[in-house]
Amino acid sequence: MTEQVTIIGAGIVGICCALSLQERGIPVRLVDRGDPGQETSFGNAGVVSPWSIIPQAVPGIWKKLPQMLLDPKSALSVRASFWPKMIPWGLRFLGKSGEKTVREVSDAMEILCHPSIDLYRRHLEGTGHENLIADSYYIHAFRNPEEANLDGLGYLIRREKGGELERVDGAELRRLEPALSEEFKAAIVIKGQARATSPGRLGAVLAEKARAQGADFVRTEVTKLIHVKGGDWQLATSQETLHARYVVLAAGVWSADLLKPLGLPVPLVAERGYHVEFPSPSAALNNSVMDVDAKIVASSMLGGLRVAGTAEFGSVDAPADPRKEKILTDQAKSLVPDLNTREAQFWMGRRPSFPDSLPAIGPLNGKEGLYAAFGHSHYGLMMAPKTGELVADLVSERSPNINLDPFSLARF
């Protein structure tokens, strides 16, 4: 196949789809309203983890939700106007929290996350920016040492799958991370990880590689998808109508609005995340660190020390909640006491989340030539390169030799 493929969305998933298609000799066109890799992908916490394979819905989470929703400083919040959509989505979410389902979802997540480091390094090879992916541990830090339990389900699953995990006490934790607060008494160290030293720069560099290899970038917003007689697609945009035989939908949370008129409603919500980045931090972290209590992740990057977290459910177009900046800044200071919090840069993005933490990948039934590549929730940075490989295999009619049923929209 040599016909051009049009990718709607130039986030990290769309960019990786483009690179993998190009590797198979297929020309690509990416359509996005903004700069490549500078929307949701830009604000990631930077963790590139083959072992981020535990879904958000886990056994016992229903017990924690009421307290989290009532705590104004909690990582979880729901905009009042969003509750009518949140309730049915939340019930589906809770229905996925049994151990059997968690293990099944984890198997599927492993397919996408496990090769992430190697695939990123392959894409970056020869760009001169190979340092954008750096070796790292992922440290889960606990104030209560009794909670740092390697036999907890999430850690147990990782170990069963071959992950190298170690429990360390406070003294060893501070040897690994001298800048961390002494409030943290123990940690689980997940090894064999990496981190993006600038997620936004990573997207820009890979997009430029795709462009140098012949990718066409069209800066416009796709407002409607139309399946025309003969099997082709029309992409109505704010400027013109584009035509394509093959379309990859990688528009994140905005994908749902494009599918609904086609008779494909999907349970996809905007799970909004925030970060605060401190450009002159006067303290640094050697690895990516999660404050397990606050549910935030901190990482030193090229632009400073970034602290990212929160899951705010609301309308995709709702303005950012300015209160989140102070909450995240206070949590960052609690994590790294010597942190210089002046000149903080505040950001909000929209994760596209399904109730089971898995994306939609593959052809859409009855919509010949249209392929899904969206819904990666918290895991987009990890899952993007393998998603690109799978999409490229499917479009080029190569068998990926993987059961793709867990990623089918038909699961809903």
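- In this structure, the side chain of Thr127 engages the main chain of Leu124 through a donor-acceptor pair within 3.5 Å.
- Checking Tyr379 against Gln56 by side-chain atom types alone, a donor-acceptor pair falls below 3.5 Å.
- Within a 6.0 Å sphere centred on OH of Tyr137, heavy atoms belonging to other residues, nucleotides or ligands number 12 at most.
- Salt-bridge check for Asp321 with Arg323: passed, with a basic side-chain N closer than 4.0 Å to an acidic carboxylate O.
- Remark: the Ser238 side chain and the Thr220 side chain contain an N/O donor-acceptor pair separated by less than 3.5 Å.
- Within 6.0 Å of the CD atom in Glu164, the count of heavy atoms belonging to other residues, nucleotides or ligands does not exceed 12.
- Within the 3.5 Å criterion, the main-chain N or O of Pro279 finds no donor-acceptor partner in the side chain of Gln345.
- No side-chain donor-acceptor contact under 3.5 Å links Ser357 and His378.
- Between Phe93 and Trp89, the ring planes are parallel. Angles under 30° get that label, and only those over 60° would be called perpendicular.
- You'll find the side chain of Ile188 stays beyond 4.5 Å of the side chain of Val168, heavy atoms only.
- Shown here is Gln239, whose CD atom has more than 12 heavy atoms of other residues, nucleotides or ligands within 6.0 Å.
- Pro50 has its side chain within reach of Ile117: a pair of non-hydrogen atoms, C-beta onward, lies under 4.5 Å apart.
- Atoms NZ and CE, on Lys73 and Met68 in that order, are 15.5 Å from each other to the nearest 0.5 Å.
- Using a distance-only test at 3.5 Å, with no hydrogens or angles considered, a donor-acceptor pair links the side chain of Asn340 to the main chain of Ser280.
- The number of heavy atoms from other shown groups lying within 6.0 Å of CD (Gln67) does not exceed 12.
- For Asp135 and Arg195, the salt-bridge test fails: no basic side-chain N is under 4.0 Å from an acidic carboxylate O.
- Within 6.0 Å of CD on Glu240 lie more than 12 heavy atoms contributed by other residues, nucleotides or ligands.
- Side-chain contact annotation: Glu177 with Asn287, donor-acceptor N/O pair under 3.5 Å present.
- At a threshold of 4.5 Å between non-hydrogen side-chain atoms, the residues Arg29 and Ile7 do not count as touching.
- In this pair, Trp233 and His227 present their aromatic rings parallel. The plane angle is below 30°, not in the 30 to 60° band.
- Under a 3.5 Å cut-off, the side chain of Asp35 and the backbone N or O of Gln38 do not form any donor-acceptor pair.
- With salt bridges taken as basic N to acidic carboxylate O contacts below 4.0 Å, one links Lys100 and Glu104.
- Here the CD1-CG distance, from Ile15 to Asp32, works out to 8.5 Å after rounding to the nearest 0.5 Å.
- Donor-acceptor pairing under 3.5 Å is recorded for the side chains of Tyr274 and Glu312.
- In the model, Lys333 has no side-chain atom that pairs as donor or acceptor with a side-chain atom of Ser181 under 3.5 Å.
- Between Phe142 and His140, the ring center distance fails the sub-6.0 Å criterion.
- No more than 12 heavy atoms of other residues, nucleotides or ligands sit less than 6.0 Å from atom NZ of Lys224.
- Looking at Val13 and Phe374, their side chains never come closer than 4.5 Å, going by heavy atoms from C-beta outward.
- Using a 4.5 Å heavy-atom cutoff, the side chains of Arg103 and Glu160 are in contact.
- Looking at Leu305 and Val307, their side chains come closer than 4.5 Å, going by heavy atoms from C-beta outward.
- Residues Tyr120 and Cys16 form a side-chain contact, since some pair of their non-hydrogen atoms from C-beta on lies under 4.5 Å apart.
- Figure legend: Arg306 and Phe42 shown as a cation-pi pair, the cationic atom lying under 6.0 angstrom from the six-membered ring centre and within 45 degrees of its axis.
- Taking the centre and axis of the six-membered ring of Phe354, the NZ or CZ atom of Arg411 falls inside the cone set by 45° and 6.0 Å.
- Annotation: side chain of Glu389 is in contact with side chain of Leu119 (closest heavy-atom distance under 4.5 Å).
- Side chain of Ser334 to main chain of Asp330: no donor-acceptor pair is present (N/O by atom type, distance under 3.5 Å, no hydrogens or angles).
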